[in-house]
Amino acid sequence: MDYNFKEIEQQWQSEWNKAGAYKVSNKSDKQPYYVLDMFPYPSGAGLHVGHPLGYIASDIYARYKRLQGFNVLHPMGFDSYGLPAEQYAIQTGTHPEVTTFKNIDHYIEQLKKIGFCYDWDREVRTCDPKFYKWTQWAFIQMFNSYFDTQLQKARPISELIAKWEQTDPTWATLSEKEQQERLMNYRIAYLSDTKVNWCPKLGTVLANDEVSEGLSVRGGYPVEQRVMRQWSLRVSAYAGRLLEGLNNIDWTESLKETQRNWIGRSEGAEMRFKIKGQDEPFTIFTTRADTVFGVTFMVLAPESEYVARVVTPDHQAEVDAYLDRCKHRTERERIADRKVTGVFTGSYAINPLTNAEIPIYISDYVLSGYGTGAIMAVPAHDSRDYAFAKHFNLPIIPLIEGADVTEASFDAKEGKMMNSGFLNGLEVKDAIAKMKEYITNTGIGHVKVNYRLRDAIFSRQRYWGEPFPVYYKDGMPYMVDEKDLPITLPEISDYKPAEDGRPPLSKAQNWTYKGYPLELNTMPGFAGSSAYYLRYMDNHNDQALVDQGVNAYWKQVNLYIGGTEHATGHLIYSRFWNKFLYDLGYVCEDEPFQKLINQGMIQGRSNFVYRYIGEGADGNLYISFNLIDRPEYKGKVQPIHVNVNIVHNDVLDINAFRAWMPEYQKARFVYADGTMDEDNPYLGVAAEKQYICGWAVEKMSKSMFNVVNPDDVVEQYGADTLRLYEMFLGPLEMSKPWDTNGIDGVHRFLRKLWNMYENVTNDAPTKDELRSLHKLIKKITWDIENFSFNTSIPAFMIAQNELSALKCNKTAILREIAVLLAPYAPHIAEAMWHRCGETTFVIDAEWPVCNEAYLEEDGVKYPVQFNGKVRFTLEQPKTATKEEVEQAVMANEETAKYLNGATPKRVIVVPGRIVNIVI
RNA sequence: GCGGCAUUGGCGGAAUUGGUAGACGCGCCAGACUUAGGAUCUGGUUCUCACGAGUGUAGGUUCGAGUCCUAUAUGCCGCACCA
């Protein structure tokens, strides 16, 4: 019986379905294990072959863990709020929900074909009111909490109020509005006037991770700075813990490093500088406290609140002009044009160590959002200060011996101090420590840790997102009663955002709560994806995000697989969100994702035909790729993208090409062998004539005709071949192009393997067969444990070869092979399993254990290496000459038994010690 | 500028603890079966006619290095006026 993958895959998918084979219970005596994929945003284009890469890897691991006896949670869902569906709605008037549901259905259909072991009963959708009820609930908890900096954790805001009532006599004198305003400075979800990234084209504000180089990540539209009243999440409060937590989780170094960069911890000091003629000092942040003796001026950010205090009347006009200019420059312009600009305020500060009077400037090279928005400038040892000093002709005092600062600043933190009073002669590192001690003791300043991480702006002026559970009374926000959740998204007919920032929800009818107006903004994309992994545990629970007992069972995601593109977005927000819930006792783990693997991107592999454009060209002649460097064609051909689906192993399907588009109907070719079509374009093509296409690795996109749809691969080769081939393509974590050359080899292997199950017998297996099997068990087990899925496929092929050569048809061997293959190619494995006479599902089988004894011979145990080589090490004897060593080898009981009179192929000897003998 | 990762045949890539580099697959070559092949099967295939050489380049450690160390080049990714 031939390998009929279509029949096999359909049959077993429906059997699994009928039996509910992938249903996962929250009640089990088994150990829990949670394997999670980053859930997709269902786009209209559907899945391409790049999407399932990570899903296949996690599916293999999930199935393996299940075979090992774990109760495995492996769910899938959809991140279904977001811009594309809304943009589509604006263009067509179709409700985003309609588009989104249609896309989800398509995704599910595609995913089901590939045979994942998801428990679809646990599916979640972020746009489902039953789901976003808990997103809104979490927001209310954040509003009602503050971050206790002493405890370094979130606490109910009521505790803060109680504290103030007892310790702060002014509290009771404040009006309710004043009290609320004060509390707003502490709430974890808070409303404030803040400088935001406003994208007029998208009609919404964006978080920092959604903006890159002054352009929106989605769409690439310009982003400008604007002050707006917005909700934010106090993520920055968790900066220290987010950084610390990285040490206890099993993520790749590069991803942790990306997050560390993003959090951006820097240890320094805050120092107070007096302003000449004023009592109140102002505070700056520096990491180079050692350089105070070299401060020759001060700089404030244009937005700094100190500006108003220090500008003298005679400089007011000049400063106003400068501030105005800064305000109208976009972030992008500021970055692109790094000219030194600035203006003198007219005021002077006093250097607390030298008592020198130093001028105070304003310049946009100082950022308002970092530190205190004010710096002390040390031109000799900071390149930015240096450029500023040169431009405004300010003094530059070198502080490190031997540093030449006539051309450039000396930024390195090394060398001996000079011109620095009591620091003279110290190494920079020691000088920093000593100065910190000094300023602390004298009260000039204190040691301070600063983070680059900012709070996350949480409002979006869009329609297709979670509504806030917030209403307004006297202009102050109040939370909706928890029992009234969810606040469902209202129907509207006009989704268009306004450039003035009025959100689409302003057009909703009756958008009120108890007669008060509801919040018009919606939540950003990361709101729904921040705690979805918790909801899978208990997705039908309408009393809690997740039942505490259920959460205590599953605990956290043991293995999370997804792309690096979420490093500074979702993966930061999720960790923050989880830590917050942990602080309030809603979840039992501090970190959401114990182990994280980033699958590489699958790029497109484009194919090209080469149109002849030289002398006498009629636009219908195409030159085979192997000929384009010939003198008669060189420089006279134009590469044209050709649909990769009509190219097989870089050979063009001539007839399909002519039928592809009208302009190619009359195409003629110069074939790989140099022969040319007659002028009659309708001639048939002789079988041996091949047109070779060129290729390039590019992004997978429609316009390059290199998108490969997994449905087509499943149709042609079956899901099992697709799964194996995606793994075979290369290491999981590396980026690689999708290249169909080679998929035949994998398919051939499955067919050959299948044929071995033709006439199975129950005879006892031979030693060689057992050896082959146990070598495979060892290898596959190691591979899966180490996520080295790509090397498993060759191992299967080798085993198939060996067993095939032995004409093995023993069920004792073949049924174990089926189990080993089950994680990778579940359908064929299931069919193989049943051909061995089994009646249960292979997914309920037990993972075979490698019996090392089968790898032994004559009672001697030899470590088997990957390539099957046998090698062992001896400590004896202490001889040096080759002959003596060989004698010793023969004399050794173990080696002699193995060699059985033969000479070893290779003996590697270190004087006095035999290291390695290869037989 | 700072940080992370990578570099092995014509191609994708193996080499798990430092131990015969090039597994396995593609492609290519030859043969078999075929009216035919984008089918199937068998054998070969790092380079070089050869001697030999060989894991980006140059050194080092080691009996032994693709693997460890130092420098360097190239490519990819992250951060970047963050004081």
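The sequence lines fix the lettering, A, B, ..., with proteins before strands; numbering per chain opens at 1.
- For A:Trp262 and A:Tyr451, the ring centers are positioned 6.0 Å apart or more.
- Between the side chain of A:Tyr64 and the backbone N or O of A:Tyr824, no donor-acceptor pair lies under 3.5 Å.
- Of all nucleotides listed (B:A83, B:C79, B:G13), B:A83 comes nearest to the side chain of A:Asp382.
- At the phosphate of B:A83, OP1 or OP2 sits under 4.0 Å from a side-chain N or O atom of A:Ser266.
- Contacts of A:Asp653 with the nucleic acid, taken as non-hydrogen atoms under 4.0 Å apart, include base atoms.
- Summarising the base pairing, B:G1 is matched to B:C79 through a Watson-Crick or G-U wobble pair whose two defining distances lie under 3.5 Å.
- Regarding A:Asn655, its CG atom lies at a distance of 13 Å from the P atom of B:G38, rounded to whole Å.
- With RNA chain B read from its 5' end, the first of the two nearest nucleotides for A:Ser368 and A:Asp783 is the one closest to A:Asp783.
- Residue contacts for A:Arg260: at a heavy-atom cut-off of 4.0 Å it reaches no nucleic acid atom on any strand shown.
- Using a 4.0 Å heavy-atom criterion, one finds that A:Phe749 contacts no nucleic acid atom at all.
- When distances are taken from the side chain of A:Asn261 to each of B:C79, B:G13, B:A23, the shortest belongs to B:C79.
- A 3.5 Å limit on both hydrogen-bonding distances identifies no Watson-Crick or G-U partner for B:C33.
- The partner of B:U17 is absent, by the rule that a Watson-Crick or G-U pair needs both atom distances under 3.5 Å.
- Look at CG on A:Leu255: it is 12 Å from P on B:C79, rounded to the nearest Å.
- Across the protein-nucleic acid pair, A:Glu726 atom CD and B:C26 atom C1' stand 17 Å apart, rounded to whole Å.
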Query - Intermediate values then yes/no, ring pair (Phe, Tyr, Trp, His ring centres under 6.0 Å), A:Phe749 and A:Trp754 - result: CA-CA 8 Å; A:Phe749 152 71; A:Trp754 177 251; over 10 Å; no
Requested in this report: Show your reasoning for whether side-chain hydrogen bond (donor to acceptor under 3.5 Å, both in side chains) applies to A:Thr721 and A:Tyr3.
Outcome: CA-CA 12 Å; A:Thr721 302; A:Tyr3 171 41; 4.6 Å; no
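- Comparing B:G10 with B:G56, their P atoms are spaced 14 Å from each other, to the whole Å.
- Here the separation of B:G52 from B:C77, taken at their C1' atoms, is 41 Å to the nearest Å.
- For A:Phe5 and A:His747, the ring centers sit closer than 6.0 Å to each other.
- With rounding to whole Å, A:Gln259 atom CD is found 14 Å from B:G78 atom P.
- Comparing B:A83, B:G3, B:U16 by their closest approach to the side chain of A:Glu257 singles out B:G3.
- For the C1' atom pair drawn from B:A53 and B:U48, the interatomic distance equals 8 Å after rounding to whole Å.
- Of the candidate nucleotides B:A83, B:C41, B:G13, B:G13 has the atom lying nearest to any side-chain atom of A:Asn790.
- Within the 4.0 angstrom heavy-atom criterion, only backbone atoms of the sugar-phosphate kind lie near A:Leu729; the bases stay farther away.
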Report task. Take A:Thr341 and A:Tyr322, measure what side-chain hydrogen bond (donor to acceptor under 3.5 Å, both in side chains) needs, and give me the verdict at the end. Result -> CA-CA 9 Å; A:Thr341 63; A:Tyr322 183 73; 2.7 Å; yes
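- Two rings, from A:Phe392 and A:Phe297, have their centers 6.0 Å or more apart.
- The partner of B:A39 is absent, by the rule that a Watson-Crick or G-U pair needs both atom distances under 3.5 Å.
- Spacing of C1' atoms, B:G44 relative to B:C51, comes out at 24 Å, to the nearest Å.
- Glycosidic conformation of B:G13 is anti; the angle lies outside 90° of 0.
- Base-pair partner of B:C68: B:G60 (Watson-Crick or G-U wobble, both distances under 3.5 Å).
- Using a 4.0 Å heavy-atom cutoff across all strands shown, A:Pro737 reaches no nucleic acid atom at all.
- Following rounding to the nearest Å, A:Tyr725 (OH) and B:C26 (C1') show an atom-to-atom distance of 7 Å.
- The side chain of A:Lys752 has B:C41 as its nearest neighbour among B:C41, B:C24, B:A83.
- Looking at A:Ser409, its side chain does come within 3.5 Å of a backbone N or O of A:Ser383 through a donor-acceptor pair.
- One interatomic measurement links the two molecules: NZ of A:Lys413 to C1' of B:G1, which rounds to 14 Å at whole-angstrom precision.
- One finds no side-chain N or O of A:Asn741 lying less than 4.0 angstrom from the OP1 or OP2 phosphate oxygen of B:G12.
- Along RNA chain B, the nucleotide closest to A:Ile793 and the one closest to A:Arg605 are compared, and the more 5′ of them pairs with A:Arg605.
- B:G12 and B:A23 have their C1' atoms separated by 13 Å, with the value rounded to a whole Å.
- Under 4.0 angstrom from either OP1 or OP2 of B:U40 there lies at least one side-chain N or O belonging to A:Arg748.
- The nucleotide whose nearest atom lies closest to any side-chain atom of A:Thr258 is, among B:A83, B:A15, B:G78, B:G78.
- As rounded to the nearest Å, B:C11 and B:U45 have C1' atoms that lie 14 Å from one another.
- A cation-pi arrangement is found for A:Arg575 relative to A:Trp251, the charged atom lying closer than 6.0 Å to the ring centre and inside a 45° cone about the ring normal.
- Phosphate proximity of B:A83 to A:Tyr365: absent, as no side-chain N or O sits under 4.0 Å from OP1 or OP2.
- For A:Arg452, no side-chain nitrogen or oxygen approaches OP1 or OP2 of B:A83 to under 4.0 Å.
- In this structure, A:Arg751 reaches the B:U40 phosphate: one of its side-chain N or O atoms is under 4.0 Å from OP1 or OP2.
- For A:Pro794, whose side chain is taken as the heavy atoms from C-beta onward, the closest listed nucleotide among B:C81, B:C24, B:A14 is B:C24.
- Using a 4.0 Å heavy-atom distance criterion, A:Arg454 is classed as a base contact.
- To the nearest whole angstrom, the two C1' atoms, one in B:U8 and one in B:A65, are 14 Å apart.
- Base-pair partner of B:U7: B:A73 (Watson-Crick or G-U wobble, both distances under 3.5 Å).
- Across the P atoms, B:U46 and B:C24 are found 12 Å apart, a figure rounded to whole Å.
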